[in-house]
Amino acid sequence: MSDANYALLNKEQKEAVFHTEGPLLILAGAGAGKTRVLAYRTAYLIEEKNVSPWNILMITFTNKAAQEMRDRVVSLVDYGDSVWVATFHSTCVRILRRYIDRLGYDSDFTIYDTDDVRTLIKQVIQELDLDPKMYKERAIAAWISSLKNDMITAEDAKKDAMGNFRAMKEAQIYEAYQKHCRQNNALDFDDLLLLTVQLLQRNEDVLEYYQQRFKYIMIDEYQDTNRVQFEFAALLAKKFGNLCVVGDDDQSIYRFRGADIRNILDFEKTFTGAKVVKLEQNYRSTTSILDAANAVISHNRGRKNKHLWSELGKGDSVGFRQYENGYQEAEEVIEKIRQEVRRGASYNDFAILYRTNAQSRAFEEKCVAMNVPYRLVGGVNFYQRAEIKDLIAYLKTIASGKDDVATARIINVPRRGIGKTTLDKLRMFADANDLSLMEAIEHAKNIPGIGRALPSLQAFSMIIEELRQFDGDIEELIREVIYVTDYESVLEEFEEEKQQTKRENIDEFLSKAHDFMAGWDEMEEPTLSNFLEEVALVADIDDLDEDENRVVLMTIHGAKGLEFPTVFLCGMEEGLFPSYMSINSGDPMDIEEERRLCYVGITRAKRHLYLSCARARTLHGEVNYNRVSRFIDEIPENMLETAGKGGKRTFFDSERGSGFSSGGSDFSWNLPKPQEKKKAPVTSAPASFGKDFTVQKSDGLSYSVGDRVVHQRFGLGTVKEIVDGKKDYEVLVDFDDFGEKRMMAGFAKLEKAN
DNA sequence: AGTCAGCGAGTTTTT
DNA sequence: CTCGCTGACT
């Protein structure tokens with residue numbers, strides 16, 4: 001009947017699963033099976049305790065984790081898909097969409113990412129006539145975020161700032177920023193949580209409704225919750241008290257983002273009578289790897305005492321190498337991977353982890369050069385790329401027009417001769433008449449002194465109006481935006497290679513829109529604002545597909561919650577990891593956080609762990625000479641396999657037998673001697689890197705008027721007309737099932753049908 | 001009024 | 001090295 005087999009659980013796991021009533025803290029070490037415990041606990045509640053799936057709330061940090069959890073629960077128990085599994089942020093959005101009018105916002109609010117926030121703050125600083133050198137939007141944004149995380153409002157900040165000039169100015173920026181957000185009907189990430197808590201606090205009926213609905217609440221990664229998140233959970237759980245949190249204080253790595261480790265450390269104090277279960281058996285890693293992890297983390301103070309152990313045997317020793325520079329490090333790591341693949345390993349057995357995104361470049365270059373397929377996670381978030389943000393800004397403006405940040409972004413993209421002066425006038429006019437920027441544009445002819453810009457503004461206004469009338473799905477709408485705005489001309493300003501990347505990104509964006517439309521039956525409705533919301537709340541990690549046969553490159557932060565057979569932890573250098581910032585801050589807690597990060601990195605490895613660093617590293621065009629990281633020193637020497645007696649100096653092809661291997665493993669660190677190495681046979685690496693895409697050169701098309709062509713989405717059709725545009729062809733196709741469509745050849749991916 | 005070129009400054013991790 | 005801004009030019 002049930003697929004949940006509770007006998008598979010160990011003693012502690014059972015304890016956690018069967019303890020359903022009252023507050024419960026599950027301290028789950030890395031790889032101790034917490035996802036399984038949460039999924040089983042949910043199944044148990046539904047099957048054995050007759051709890052309705054509808055009454056269960058599970059909160060995770062990423063959409064990916066939520067999806068995995070949902071899949072797990074669905075596979076275990078009937079009606080598992082009725083359990084509310086979501087991230088903090090999307091949970092809050094869902095609540096706010098329904099009730100935010102109680103706080104004076106419209107329910108079609110847009111969501112600001114960090115970029116939008118900075119743009120707006122910069123604008124506010126200007127408006128307040130403050131020196132941008134003194135007040136940097138980056139720092140102010142971080143400051144406002146941390147206040148919001150601690151539930152401190154602008155009014156509170158102003159009170160606290162009394163008598164302090166600078167603090168007063170900063171509080172004013174906060175206040176003005178918040179005012180603009182409200183005018184633009186926009187919420188930043190922190191608002192999503194903060195406003196939800198305020199909503200619940202101020203509206204007894206809403207609170208009552210959700211308390212009643214979520215009788216059982218579970219929160220994953222509890223060590224990374226901040227003050228608002230804590231408040232949100234505590235508020236919802238207050239009525240029934242069934243709050244189950246899972247976390248590991250040793251894996252708390254988001255203090256910089258406001259996470260408060262005390263949430264987990266003080267759980268028992270806050271929720272009196274809480275039961276605590278410790279999961280210390282690790283099912284992921286070998287003892288060698290766990291020993292190294294334990295050795296490092298034991299240097300931290302103020303942690304809950306626990307000791308991970310494993311039954312998986314000793315396994316290979318942890319390897320360590322110091323290379324001359326970052327390029328060499330990258331080359332040898334990639335070469336090692338190639339070697340292992342030749343011996344039967346798969347590319348997706350490997351992850352290359354590093355502290356900062358800047359380190360990814362060397363690895364990427366070597367992957368390309370050495371024909372190793374890879375997947376880069378992180379860096380600049382896909383949706384933050386300029387061309388994508390432009391298109392999103394168009395969509396936002398089309399959808400509501402209240403978001404001035406979006407409108408201002410695209411008002412002159414492509415160039416329409418609407419410059420700073422005109423923008424300033426528009427802003428003044430909008431401000432004086434209580435209009436949005438878009439509304440001001442629509443009334444441009446009433447603005448005195450608008451001068452030559454008037455025709456351009458009217459043209460812009462027409463374009464937006466036209467797009468608002470457009471009848472079609474989101475993917476088609478985006479194509480239409482590109483077409484009617486002549487977005488091509490924006491791309492053409494860049495050099496060939498960059499254009500290429502940008503086109504790929506736009507293609508990917510189109511296919512995401514397509515997927516969104518295709519998958520809509522699972523969601524409420526495929527509206528534009530739903531699409532924009534989804535787009536705002538995705539994290540890089542969310543679309544990592546572990547089944548893809550590629551080496552994964554990402555930061556250690558990104559790797560939390562994941563596991564790989566072989567992990568390369570690179571850049572183990574003082575100043576890089578731990579970071580320069582954390583060493584210089586003077587706050588020992590900063591170093592402790594770095595140490596926890598190191599612990600997270602180490603514990604991602606299942607079978608093989610290779611640590612490495614470089615003597616010299618080029619960063620922003622400057623060469624730095626770094627000492628070996630203190631974290632390496634914290635691992636007893638006998639636990640590390642270094643190369644030769646010179647140890648840390650040598651590369652892995654030094655002497656025979658001095659390689660990274662030990663314990664009779666079939667993996668070894670020995671490489672071919674340099675001369676053999678020159679032209680290693682090309683492996684079976686698929687010749688695809690990064691994203692898949694088809695290139696459609698604009699010189700010459702494979703089809704002509706009258707030809708039958710196939711479109712990815714619209715199927716078969718007949719080419720009616722081809723117009724030679726500036727750089728791309730504009731093609732008119734009469735599709736059998738969809739009628740006539742006009743499209744840019746570069747984006748349409750049309751193929752001649754036979 | 002808008003655009004372009006040259007100069008200076010800044011760079012941890014991200015829902 | 002790349003982004004963003006200031007100041008000169010069209």
Side-chain angles (χ1 to χ4, degrees), chain A residues 59-66 86-93 111-115 117-119 122 126 132-133 136-139 141-142 145 148-149 187-193 220-221 224-226 228-229 252-259 353-361 377-381 383-384 386 411-412 415-425 449-454 456 493 498 536-542 554-561 571 575-585 590 593-594 596-598 600-601 618-624:
Chain A
I59 292 189
T60 60
F61 268 81
T62 63
N63 298 299
K64 183 178 181 347
T87 63
F88 270 109
H89 295 271
S90 57
T91 300
C92 289
V93 170
I111 300 168
Y112 279 167
D113 65 21
T114 14
D115 251 25
V117 170
R118 282 182 200 163
T119 309
K122 200 191 276 177
Q126 247 169 35
K133 290 226 164 66
K136 310 206 169 159
E137 73 273 9
R138 258 179 105 86
S145 172
K148 287 185 176 179
N149 286 160
L187 274 65
D188 63 28
F189 285 135
D190 306 308
D191 285 335
L192 294 177
L193 284 145
D220 194 14
E221 306 281 14
D224 287 326
T225 51
N226 59 33
V228 214
Q229 290 164 334
S252 167
I253 55 174
Y254 285 107
R255 198 164 80 105
F256 71 93
R257 212 171 66 190
L353 307 181
Y354 35 78
R355 176 68 238 264
T356 66
N357 279 308
Q359 289 163 259
S360 69
R361 196 145 173 181
V377 179
V380 186
N381 181 310
Y383 293 104
Q384 308 226 77
I411 193 169
N412 202 29
R415 292 216 172 90
R416 317 186 158 87
I418 303 173
K420 191 177 176 301
T421 320
T422 308
L423 186 57
D424 284 344
K425 280 182 191 148
I450 201 76
R452 281 180 294 176
L454 183 60
S456 305
E493 310 238 325
K498 284 221 164 127
L537 294 179
V538 292
D540 293 310
I541 193 68
D542 291 341
M554 63 181 155
T555 63
I556 308 171
H557 281 90
K560 197 177 72 163
L576 187 60
F577 193 24
S579 75
Y580 180 79
M581 301 281 268
S582 65
I583 295 171
N584 282 29
S585 78
D590 285 346
E593 173 134 326
E594 296 279 308
R596 290 192 292 268
L597 190 57
C598 182
V600 168
T618 318
L619 203 58
H620 312 302
E622 213 180 339
V623 183
N624 297 288

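Not measured: the values here are computed from a predicted model. So that the names make sense, note that chain A is the first sequence line, chain B the second, and so on, each numbered from 1.
Qualifying salt bridge (charged side-chain N to carboxylate O under 4.0 Å, His left out) partners for A:R416, counting only residues two or more places apart in sequence or in other chains: none. Partners of A:E594 according to the salt bridge (charged side-chain N to carboxylate O under 4.0 Å, His left out) rule, which considers only residues two or more places apart in sequence or in another chain, are A:R355. Partners of A:D190 by salt bridge (charged side-chain N to carboxylate O under 4.0 Å, His left out), not counting sequence neighbours: none found. For A:F577, the ring pair (Phe, Tyr, Trp, His ring centres under 6.0 Å) partners two or more places apart in sequence, or in a different chain, are A:F631. Remark: A:Y580 engages no residue in a ring pair (Phe, Tyr, Trp, His ring centres under 6.0 Å) (not counting sequence neighbours). A:F61 is linked by a ring pair (Phe, Tyr, Trp, His ring centres under 6.0 Å) to A:F88, counting only residues two or more places apart in sequence or in another chain. For A:K122, there are no side-chain hydrogen bond (donor to acceptor under 3.5 Å, both in side chains) partners two or more places apart in sequence or in a different chain. Qualifying salt bridge (charged side-chain N to carboxylate O under 4.0 Å, His left out) partners for A:K425, counting only residues two or more places apart in sequence or in other chains: none. The side-chain hydrogen bond (donor to acceptor under 3.5 Å, both in side chains) check on A:D113 picks up A:K389, with sequence neighbours excluded.
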Interface polar pairs with nucleotides 3-7 of chain B, N/O, under 3.5 angstrom:
{"unit_1": "B:dC4", "atom_1": "OP2", "unit_2": "A:R415", "atom_2": "NH1", "d": "3.4"}

Could you list the protein-to-nucleotides 2-5 of chain C atom pairs, N/O on both sides, closer than 3.5 Å?
{"unit_1": "C:dC5", "atom_1": "OP1", "unit_2": "A:K122", "atom_2": "NZ", "d": "2.5"}

Distances under 3.5 Å between protein N/O atoms and the N/O atoms of nucleotides 9-14 of chain B, please, pair by pair.
{"unit_1": "B:dG10", "atom_1": "OP1", "unit_2": "A:K136", "atom_2": "NZ", "d": "3.0"}
{"unit_1": "B:dT11", "atom_1": "OP1", "unit_2": "A:R138", "atom_2": "NE", "d": "3.2"}
{"unit_1": "B:dT11", "atom_1": "O2", "unit_2": "A:H620", "atom_2": "ND1", "d": "2.9"}
{"unit_1": "B:dT11", "atom_1": "O2", "unit_2": "A:H620", "atom_2": "NE2", "d": "3.1"}
{"unit_1": "B:dT11", "atom_1": "N3", "unit_2": "A:H620", "atom_2": "ND1", "d": "2.9"}
{"unit_1": "B:dT11", "atom_1": "N3", "unit_2": "A:H620", "atom_2": "NE2", "d": "3.3"}
{"unit_1": "B:dT12", "atom_1": "O2", "unit_2": "A:R355", "atom_2": "NH1", "d": "2.8"}
{"unit_1": "B:dT12", "atom_1": "O2", "unit_2": "A:R355", "atom_2": "NH2", "d": "2.5"}
{"unit_1": "B:dT13", "atom_1": "OP1", "unit_2": "A:N357", "atom_2": "N", "d": "3.1"}
{"unit_1": "B:dT13", "atom_1": "OP1", "unit_2": "A:N357", "atom_2": "ND2", "d": "3.4"}
{"unit_1": "B:dT13", "atom_1": "O4'", "unit_2": "A:R355", "atom_2": "NH2", "d": "3.1"}
{"unit_1": "B:dT13", "atom_1": "O2", "unit_2": "A:R355", "atom_2": "NH2", "d": "2.5"}
{"unit_1": "B:dT14", "atom_1": "OP1", "unit_2": "A:T555", "atom_2": "OG1", "d": "3.1"}
{"unit_1": "B:dT14", "atom_1": "OP2", "unit_2": "A:N357", "atom_2": "ND2", "d": "3.3"}

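A sub-4.0 Å separation between OP1 or OP2 of B:dG2 and a side-chain N or O of A:T421 is present.
Base engagement by A:F189 is indicated by at least one non-hydrogen atom pair under 4.0 Å involving a base atom.
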